Amino acid sequence: MIAQFPKVRTSFSLQSMLQDRERMLDSLMNNLKGMVYCCLFDEQWSMVFVSEGCLGLTGYAPGEVLNNRLISYEALTYEDDRERVRQRIDEAVETGDQFELEYRIRHADGRICWVLERGSPLYNDEGEVEALEGFIQDITLRKHSEQVAQEAEERYRSIFDNAIEGIYQTSPDGKYLNFNPALARIYGYESPDALYQGISDIQSQLYVQPGKRDEFVALMREYGQILNFEAQVYRKDGKVIWISENAREVRDPDGSLLFYEGTVEDITERKNYERLIEYQATHDALTGLPNRTLMADRLQQCISFAERYGNKLAVAFVDLDHFKLINDSMGHQAGDQLLVTMAQRLTACVRDSDTVVRLGGDEFVLLLTSLQKVEDISQSMQRVLAAVAQPCAIQGREFVTSCSIGISLYPDDGREANTLLKHADSAMFKAKQSGRNNFQFFTSELNRLLTDRLDLEYRMRRAIENEEFVLYYQPKVRFSDGRICGAEALIRWHPPGEDMISPMSFIPVAEETGLIEEIGQWVLLTACHMAAYLKKTLGTVFPIAVNVSPRQFRQLNLVRTVELALYESGLDPACLELEITEGTLVHDTGLFVKTLQDLKAMGVELAIDDFGTGYSSMAYLKDFPVDRLKIDKAFVGNLENEPTNIAILKAIIALGHSLDLKVVAEGVETPYQQAFLHGIGCDELQGYIFSRPLPAQAFAELLQPLKKAG
Ligand code: C2E
Ligand code: MG
Ligand code: MG
């Protein structure tokens, strides 16, 4: 029925206002979508009043429903819901409350419709219920969409709960907000609750790698999502697994970040498989050593490393000698066994940071890093040769094999991986040609140096036994009165039937091999005997200086050795001076000062040799109880051509004097040098201009005038 609104009236009366209000309510009621009703509280819900909306709601005209003329409201109510409806209304009648309930009715056209009824009981003066009145509206559409939503919710919940992948929502500060059972399962928790309690900070409790969550957040910030984010995480039992995450940001309509939402997949198996595949692709199946593929990588890394730190790198090509023979005669199994044994021995010969590669067949490559000098390599190679040559028991028989090694050096023999390998290979060939069971450097210069050195070492050992060393003495002269005031003992090596060998060529080798300790002891004792002899013949104190090498100085019993030499020769300690090269000072000043003090306490004189070349810090010079500075001859030698040396010489002399030290100039050869040094206040000189180092006999003769004078 169409609503009829009253026309506007010009005159006002109460009567007409009440009439208007009734009409207005009527019109309103009949225009409502739904049915206003009043019914009896009986078996049939007998309707005594229904609004026009009855037709729309039930499909029956009001007249057909009123007083149950055609159908009662009880009959209209869907059978399954009748009892529930009555029960609910009974309760309301009991308590006098309003009621509100949802149920179904059967529409005249046969459809089942959902309705919402709101009503209240009406009571008579005795308090007995007389009727019910209220409003019933069709909610089928709303019910339908609710049902659709619920079904969808159930469907998604089931996907969420039953997914194999972990699904989660996390807060931006790394806490779990929501997640499914699969996530708990992946992380090894017995229930989602256990996971809630177990992980309160994702970064510190879940990710293995520090900063991984930050990386996650940074990617999110940049892209709003992440795909295939792989990470290692701890399971509850501490086991580490690999996961892959896909996630996105969820923001509110204002754009502020609410949480992250994503999925987690356990990819440990795939990762392990990948690792296995990678291992197989980069390692030799027989020996487990890195193969050619991995070597290419490693060699490149080693080159970059050596380049950055200025180290040397050695590539050693190792080839077993006569391997083919064993393989052919004993069978492949024996050959394989031999290769495995050799692989183990090679690995044991090198440091952990070095790499042993099997190239294939009986060829191996060693990559030796962080080398300081060529001698280090030759020592390693000696070890390799010895290890390979150890007897090897295979199938009840004992084999002795050997290998040939070729070595190339970075950067000396090449800067590129391929060049180094090629050169190591050709050096290996050289080793085969020179009789196998040896190693060769690619650069023949190195081979020569190494042989020379080995030869020198061997001969030097014999020289000690055969007493081939002699001491020469070079006088020192005082500038103030031009008189000889002491001497330096300088060693010479005179192998029988050969030329004299300079200390410059054998002292460094003696120093490296440790032979210097034995040689030094001999020098010290011989010089002490000479000084004692001179003191006796000259009748005056005549100090002799002895050179002490860095290694000798670091020797723990140096003080004791000096004491013994003094005791054995009966020498006055004031007649002995020890020269220590400046370079020694730089290493370890603590121990150094202690040794100097002990020597000084004994009454021995001390000098710093080759001063000006060792970059010693002037700052700690004052802490050393020394008596003399010996200016290196490099500053004196080219005084005429190198005017800058003048400044250095003046500075050293001024420094020495300010510390109350005597300053000696070495290597004075020309009258100009002598005059100049005298002029700037140098105290003593030593040099060819006065005398070369002399054998003991000649030196004693040189001192004769001194005796007369003294
Ligand atoms: P050094 O201790 O600085 O010795 C001075 C060197 O300068 C000596 O060389 C000496 O012969 C040389 N010389 C002296 N006057 C002149 C000169 O006017 N012109 C030139 N061009 N050279 C001059 P030498 O005897 O060949 O000794 C070389 C180095 O070997 C010494 O330098 C010292 O460091 C070491 N040395 C010598 N004997 C011993 C020793 O018994 N023990 C140790 N540990 N080292 C020694
Ligand atoms: Mg010296
Ligand atoms: Mg010197």
Side-chain angles (χ1 to χ4, degrees), residues 460 463-464 468-477 484 486-494 499-531 543-555 558 561-562 565 576-585 605-614 626-640 662-674 676-677 682 684-696 698-699 702:
M460 213 166 10
I464 299 174
E468 291 168 11
F469 292 114
V470 279
L471 274 195
Y472 274 41
Y473 299 89
Q474 186 177 31
K476 283 188 290 181
V477 180
I484 298 176
E488 178 175 8
L490 294 159
I491 194 169
R492 302 287 180 264
W493 178 8
H494 199 178
D499 285 345
M500 194 95 82
I501 303 174
S502 150
M504 304 294 267
S505 48
F506 69 85
I507 290 289
V509 179
E511 173 82 10
E512 253 172 47
T513 53
L515 283 172
I516 192 71
E517 292 183 12
E518 213 177 320
I519 296 173
Q521 248 170 42
W522 175 84
V523 171
L524 190 64
L525 192 62
T526 312
C528 283
H529 277 301
M530 179 67 169
I544 289 193
V546 170
N547 292 287
V548 176
S549 81
R551 180 154 180 166
Q552 260 179 296
F553 200 87
R554 285 196 297 273
Q555 209 184 315
L558 176 70
T561 310
V562 173
L576 179 65
E577 183 168 85
L578 298 181
E579 291 188 6
I580 298 123
T581 44
E582 194 190 6
T584 319
L585 311 172
E605 301 263 294
L606 298 172
I608 296 183
D609 203 357
D610 304 340
F611 190 77
T613 56
V626 293
D627 307 280
R628 263 184 193 74
L629 291 185
K630 294 188 77 175
I631 305 176
D632 194 77
K633 53 182 175 295
F635 298 110
V636 178
N638 45 15
L639 194 55
E640 286 90 337
K662 290 245 170 346
V663 181
V664 189
E666 279 186 321
V668 184
E669 290 182 352
T670 65
Y672 174 82
Q673 291 164 1
Q674 182 180 10
F676 179 82
L677 288 161
C682 187
E684 295 164 8
L685 77 76
Q686 181 182 338
Y688 294 170
I689 189 163
F690 189 79
S691 167
R692 288 184 174 257
L694 300 170
F699 181 66
L702 181 78

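Note that the numbering runs from 1 along the sequence shown for the chain. Remember, it's 1-based here, ligands and their atoms both numbered in the order they're listed. What you see is a predicted model, and the numbers here were worked out from it, not measured in a lab.
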E488 side chain near N547 side chain, heavy-atom distance below 4.5 Å: yes

Side-chain donor or acceptor of Q673 paired with backbone N/O of G637 under 3.5 Å: yes

Interfacing atoms of ligand 1 (cut-off 4.0 Å, heavy-atom, Q552): 44 (N)

Which of the ligand 1 atoms, numbered from 1, are nearer than 4.0 Å to a heavy atom of P503: 24 (P), 25 (O), 26 (O), 27 (O), 28 (C), 30 (O), 37 (C)

Any idea which N/O/S atom from [X] gets closest to the Mg ion (ligand 2)?
X	answer
E488	OE2
D609	OD2
E579	OE1

Contact partition for K633 relative to ligand 1, non-hydrogen atoms under 4.0 Å: side chain

Any R492 heavy atom less than 4.0 Å from ligand 1: yes

Residue list, side-chain hydrogen bond (donor to acceptor under 3.5 Å, both in side chains) with T513, at least two apart or on another chain: none

Non-neighbouring partners of P695 that pass side chain to side chain contact (heavy atoms under 4.5 Å, CB included), sequence neighbours left out: Y472, A698

Best match, Y688, F690, F506: closest heavy atom to atom 22 (N) of ligand 1: Y688

Option with minimal heavy-atom separation from atom 11 (O) of ligand 1, where the choices are A607, A545, A489, P693: P693

Would [X] count as being in polar contact with ligand 1, using the rule that some N or O on each side must be under 3.5 angstrom apart?
X	value
I507	no
E666	yes
Q686	no

NZ/NE/NH1/NH2 to OD/OE distance under 4.0 Å, E577 and K630: no

Enclosure of M504 CE (heavy-atom neighbours >12, cutoff 6.0 Å): no

Exceeds 12 heavy-atom contacts within 6.0 angstrom, atom CD of E640: yes

Geometric class of the F469/W522 ring pair [parallel <30°, tilted 30-60°, perpendicular >60°]: tilted

